[in-house]
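Some notes on the structure that comes next.
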Amino acid sequence: MFTSCQTATKQTQTTPTTPTTSANEIPGRKWWKEAVVYQIYPRSFKDSNGDGIGDLRGIIEKLDYIKSLGVDVVWLNPIYSSPNDDNGYDVSDYRNIMKDFGTMADFDELIKGLHDRKIKLVMDIVVNHSSDEHEWFKSARSSRESPYRDYYYWWNAEKGKPPTRYSLFDAKHDAWKFDEKTNSYYLHIFSEKQPDLNWSNPKLRQEVYDIMKFWAEKGTDGFRLDAFQFVAKDPNFPPFPEGTELSLMNYSMGEHIHDYLKEMNKEVFSKYDVFSVAEGAGRNMQDAHDLVDEDRNELSMAYAFEPADLGKFGGYKLTEMKKVFSKWDKEFAEKGWLSIFLANHDKARLVSVWGNDKPEFRDYSSKMLSTFLLTMRGTPYYYNGDELAMTNGGFEKMEEFRDKPLFNMYEFEKSKGGDLTKFLERAKFEARDNSRTPFQWSAADNAGFSTAKPWIKIAPNYKEINAEAQEKDQNSPLNYFRKLTKLRKENPVLVYGKYTLLDEASESVYAYTRELNGKKWLILLNFTDKEATANTGLDVSKAKVLLGNYAESSKDGKLKPYEAVVFELN
Ligand code: NOJ
């Protein structure tokens with residue numbers, strides 16, 4: 001057994017490497033391929049004004065911390081004006097800052113602070129839907145003659161009930177909401193406070209491009225397009241084939257999506273040095289390529305959910321994880337570019353889902369997972385707090401959760417007589433609030449996040465897991481993460497190198513090589529709490545260890561629980 005005390009005193013070794021691959025030997029280099037993206041959930045990062053809610057000035061306070069991580073890009077979850085039905089994913093004014101988060105002057109200071117530190121900023125663009133409190137929607141719902149009526153989808157009630165459409169967040173999963181004032185239904189694929197914008201209307205599309213240009217002019221370096229797979233719809237709403245009405249396949253990647261992206265690319269992306277990524281990568285590989293291949297002028301990189309979605313209640317199979325990651329890597333080896341991630345604000349915590357959050361294994365497994373994320377081909381998206389091995393939030397009862405869609409799902413479960421105890425058990429493990437608890441800065445009151453009671457509970461382990469303690473410990477997950485970003489930065493083999501999976505059948509070890517211009521590195525990762533053997537056929541006894549999460553890295557192919565080692569073979 002390993003104690004957390006051992007964890008604190010004798011882990012981690014690194015050997016400096018000299019970059020040998022020169023820039024001009026690698027075709028297709030791009031800054032955004034070489035970047036490590038750090039995702040910040042502003043509501044939970046740092047509260048500067050004592051209202052229990054994280055804000056922009058809080059992020060400004062922590063800019064040096066962010067810089068110290070060695071990340072290159074910050075992706076901010078939405079910060080625009082919003083009534084917060086879905087924590088900012090319901091925008092009521094796209095050109096303003098949410099009151100809870102601060103002012104436009106704060107934003108300007110934040111972007112300058114990031115740029116001064118050579119960190120780029122990615123904004124989350126939420127344009128599948130707006131808030132029902134957006135001026136466009138207020139006008140649209142006021143009269144059928146409103147100039148904004150066609151910014152949304154309506155179904156006039158005199159035509160009868162609209163054809164079934166599925167809502168992900170509605171308590172009845174019904175995407176049509178009857179609106180008495182104009183005797184019509186409006187469409188909402190998410191909650192009824194998130195009416196869908198009508199992308200078949202060129203005026204609406206132009207509004208969106210103007211909004212994006214507004215942020216690009218302010219210096220934004222990239223855009224993440226929220227729920228974008230859902231934007232293209234047939235405005236006539238033909239019925240879906242019987243029995244498939246609820247299948248999400250019917251809802252994503254509608255006919256004109258590529259036209260819209262090409263138009264957006266021409267209007268916005270091509271005019272600035274920005275990168276673009278959409279949430280999701282379509283229904284299949286062809287869709288994914290069509291979204292991101294260079295010659296198509298649509299998006300910069302794919303953000304595919306298939307790998308991360310394997311991590312769920314009840315566990316996952318390592319062979320399955322390897323298969324899926326390897327499949328995506330192979331598909332994009334020659335063309336296009338991928339994002340690498342296992343966690344984000346819609347998922348539970350990295351170490352709780354993919355590793356082992358018991359105190360004796362938490363740090364080891366967290367470092368092992370960080371090693372994985374930072375040594376794969378593709379742009380890593382790393383979620384704030386994972387660098388500390390922050391765990392799931394320790395929710396015990398429904399009242400402690402804050403995510404409104406979760407309560408809608410609970411109501412739905414109740415309405416069909418479902419097992420509510422099981423629902424709660426699942427939520428404790430996989431609800432997205434788990435990754436939205438306040439950032440654990442210190443062992444002080446409210447984890448150093450705020451002087452007031454935070455908007456959501458703090459994970460009970462903050463006295464043990466926090467940034468202040470980890471700063472002082474050379475072997476902490478935090479300092480290990482810094483070593484990883486440095487290693488990746490200095491070695492293009494980790495960014496561009498060919499990936500080859502080894503020991504495919506092992507349910508314990510994930511082993512792969514990365515190769516570029518004569519360099520060959522081997523990464524060994526034990527995903528279990530037991531000793532495990534890596535059958536790679538490669539002799540590592542004389543190989544150089546570049547990074548490992550134990551004081552002594554194993555060089556005989558036998559890996560200690562959750563051990564991670566990066567070897568230089570030649
Ligand atoms: C995806 C976002 O990541 C999620 O947080 C949000 O609830 C939905 N889109 C709706 O905008």
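Because only heavy atoms are used, hydrogens play no part in the values below, and waters and symmetry mates are left out as well, while side chains stay in. First listed ligand is number 1; within each ligand, the first listed atom is number 1. Fair warning: this is a prediction, and the values are worked out from it, not measured in the lab.
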In terms of atom number and element, which parts of ligand 1 are under 4.0 angstrom from non-hydrogen atoms of [X]?
X	result
Phe169	7 (O)
Arg432	4 (C), 5 (O), 6 (C), 7 (O)
Arg436	5 (O)
Glu279	1 (C), 2 (C), 3 (O), 9 (N)
Phe190	8 (C), 10 (C)
His129	10 (C), 11 (O)
Asp346	1 (C), 2 (C), 3 (O), 4 (C), 5 (O)
Asp86	6 (C), 7 (O), 8 (C), 10 (C), 11 (O)

Discussion item. When you measure from the centre of the six-membered ring of Phe169, is the NZ or CZ of Lys404 closer than 6.0 Å and no more than 45° off the axis?
Written reply: no
Item to complete: May I ask you to establish whether Lys30 and Trp337 are in a cation-pi arrangement, using a distance under 6.0 Å from NZ or CZ to the six-membered ring centre and at most 45° from the ring axis?
Response: no
Worksheet item: Among all protein non-hydrogen atoms, which one is nearest to atom 1 (C) of ligand 1, and what is the separation to 0.1 Å?
Response: Asp226 OD1, 2.8 Å
Worksheet item: Is it the case that more than 12 heavy atoms not belonging to Lys203 sit under 6.0 Å from its NZ atom?
Response: no
Worksheet entry | Ionic contact status for Glu133 with Lys193, cut-off 4.0 Å | yes
Worksheet item: Quick one: do Glu267 and Arg205 make a salt bridge, cutoff under 4.0 Å?
Response: no
Worksheet item: Going by heavy atoms in the side chains, are Asn344 and Gln39 under 4.5 Å from each other?
Response: yes
Worksheet item: Where does Lys404 meet ligand 1, judged by heavy-atom distances below 4.0 Å: at the side chain, the backbone, both, or neither?
Response: neither
Worksheet item: Applying the side chain to side chain donor-acceptor pair (under 3.5 Å) test to Arg349, which of Asp386, Asn392, Asp357 qualifies?
Response: Asp386
